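Shown next, in structure tokens, is the structure this report addresses.
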Amino acid sequence: MASAENRCSLCGEPAVARLVEPERRLCAAHFIEDVEARVIAAIRRERMVFPGDRIAVGLSGGKDSTALLLVLHRLLPALGADLVAVTIDEGIAGYREETLRAAEALTAELGVEHAIVTFADLFGDDLDGLLVGREAQGCAVCGVLRRRALAEGVKRVGATRLATGHNLDDEAQSVLMNILRGDLPRLLQDTSTGSPGHFVPRIKPLAVLSEKEIVTYLLLRGYFRDLPECPYAGTALRSEVRTMLAELEHRHPGTMVRLMRFRDGIRESFSLPGPAKALSTCRICGELTSGEVCRVCALLGREER
Amino acid sequence: MQIILPDRSVRTLACTSAPIEEILLELGINPTTVIVVKNGKIVPEDVIATEGDEIRIVRFSHGG
Ligand SMILES: [Zn+2]
Ligand SMILES: [Zn+2]
């Protein structure tokens, strides 16, 4: 009977999860240990953190960034780095109030410095107001503005790196979406190094964990909350890719990890020195851009003064 | 056995014993998108549920 054999491979206690590569079952305590060990191994392997770093976690208050803050709060002291949280309040009614409260409660409990940057403060209005008449573009507009707001938050708290809660599912979905859109530049784009004086390096320490592993970790540590979801639906392509990948992962375990390996392989074979893409500064706001006017100013319809 | 679905509705299944994975697939739920809690404890989906068990399904993956 499978249930009679459901014991931790390390200590024999009842197992909470079955993992592959290598095949193992783990009890609650060993699962938590295993998850944290895989994250710190990824941080070391990909040189995400250096002693003296001040790491800003982009804390939405949702499950992934909550897990990221919990994990880094445990791991960073050993790496000689400091932790701070930045939350962006886009001003999305019925969604942001509760997640913002969750973020504030968590940082207070852990004693982590917390900065909140609002769209209203930065862009003159909240997302709901900025989107009137173009609600269907919600996620695209928000993505561009949130990126800028996070950069501003990182600047304000004096962080050296920005850590985001992207998990294996998110990353594998993005790889497949870039392939399906035929977007090779986006597939190759690596934001982990940043751009001196302009963008701080972005790191994704949870990209080695599946969404399921992250939620299991939160449940075991008592931090899983059923929070409202953002009312602005993501892109149709992402939701189709999510369903498709989840089915493939079930029938062919390891599919998502193999997609990431494929991406890394492609990045390596393309990482030959080439002409750097010319960047200039936006003639309206002065931020770095590849054109004359940055995407933030274009989206907001800002005019030259 | 009693199944508590992600929407908190409760279904009572007549079968006496079955791997939880089979129950999920029967309900049209992809096991990689949920976590299974059997009698208050998280378990892998290949564990077998028997009569009298309470199985709670926690969904976390939105969409699809
Ligand atoms: Zn154990
Ligand atoms: Zn601009």
Side-chain angles (χ1 to χ4, degrees), chain A residues 1-8 13-20 24-28 31 62-64 167-170 173 210-220 224-230 233-236 238-253 255-256, chain B:
Chain A
M1 296 283 287
S3 53
E5 296 158 4
N6 185 43
R7 298 272 161 198
C8 175
E13 287 290 310
V16 297
R18 194 183 134 206
L19 301 160
V20 291
R24 62 206 189 279
R25 284 172 194 273
L26 297 171
C27 67
F31 179 85
K63 59 182 168 40
D64 298 307
N167 60 44
L168 176 60
D169 298 54
D170 300 327
Q173 286 159 17
S210 70
E211 197 176 13
K212 180 163 175 151
E213 289 171 328
I214 288 172
V215 177
T216 303
Y217 179 84
L218 287 174
L219 279 165
L220 292 173
F224 184 73
R225 303 271 174 284
D226 218 354
L227 288 167
E229 279 179 17
C230 183
T235 65
R238 183 171 290 271
S239 97
E240 282 174 46
V241 163
R242 178 189 294 122
T243 305
M244 184 166 98
L245 260 182
E247 274 163 23
L248 286 170
E249 184 65 37
H250 174 237
R251 284 199 299 272
H252 311 283
T255 293
M256 295 193 297
Chain B
M1 67 190 78
Q2 288 219 316
I3 315 285
I4 305 169
L5 294 165
D7 65 3
R8 295 193 175 84
S9 66
V10 180
R11 290 264 287 266
T12 305
L13 292 194
C15 71
T16 50
S17 143
I20 296 171
E21 180 168 5
E22 273 175 29
I23 299 171
L24 292 176
L25 294 174
E26 195 79 13
L27 293 166
I29 295 170
N30 180 337
T32 66
T33 65
V34 294
I35 284 165
V36 174
V37 181
K38 181 185 152 192
N39 303 327
K41 302 262 188 243
I42 300 175
V43 292
E45 303 82 57
D46 59 351
V47 160
I48 291 179
T50 50
E51 231 175 331
D53 280 343
E54 182 203 83
I55 308 294
R56 186 160 65 92
I57 301 166
V58 181
R59 189 191 292 279
F60 51 83
S61 191
H62 38 99

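Basis for what follows: all heavy atoms, side chains included, without hydrogens, waters or symmetry-related copies. Keep in mind that this is a model prediction, so the values were computed, not measured.
- With values rounded to the nearest 0.5 angstrom, B:T33 atom OG1 is found 12.0 Å from A:E249 atom CD.
- Atoms CD1 and CG, on B:I35 and A:L219 in that order, are 5.0 Å from each other to the nearest 0.5 Å.
- Proximity to chain B (any heavy atom under 4.5 Å) is restricted, for A:F224, to the side chain, taken from C-beta onward.
- B:V37 does not touch chain A: none of its heavy atoms, backbone or side chain, sits under 4.5 Å away.
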Intermediate values then yes/no, side chain to side chain contact (heavy atoms under 4.5 Å, CB included), A:N6 and B:K38
CA-CA 13 Å; A:N6 185 43; B:K38 181 185 152 192; over 6 Å; no
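- Closest approach of A:K212 and B:P31 over heavy atoms only: NZ-O, 2.7 Å.
- More than 12 heavy atoms of other shown residues, nucleotides or ligands fall within 6.0 angstrom of atom CD in B:E54.
- Across every non-hydrogen atom of A:A15 and B:P44, the tightest pair is O-CD, 3.6 Å.
- With hydrogens and angles ignored, the 3.5 Å screen pairs a side-chain donor or acceptor of B:N30 with a backbone N or O of A:A246.
- Only the side chain of B:L25 comes within contact range of chain A, with heavy atoms under 4.5 Å apart.
- If you tally non-hydrogen atom pairs under 4.5 Å between each of A:T216, A:V16, A:L220 and chain B, the highest count goes to A:V16.
- A distance of 12.0 Å separates CD1 of B:I29 from NE2 of A:H250, quoted to the nearest 0.5 Å.
- A 4.5 Å side-chain heavy-atom check between B:D46 and A:R25 finds at least one atom pair inside the cut-off.
- For the atom pair CG of A:D64 and CZ of B:F60, the computed distance is 10.0 Å after rounding to the nearest 0.5 Å.
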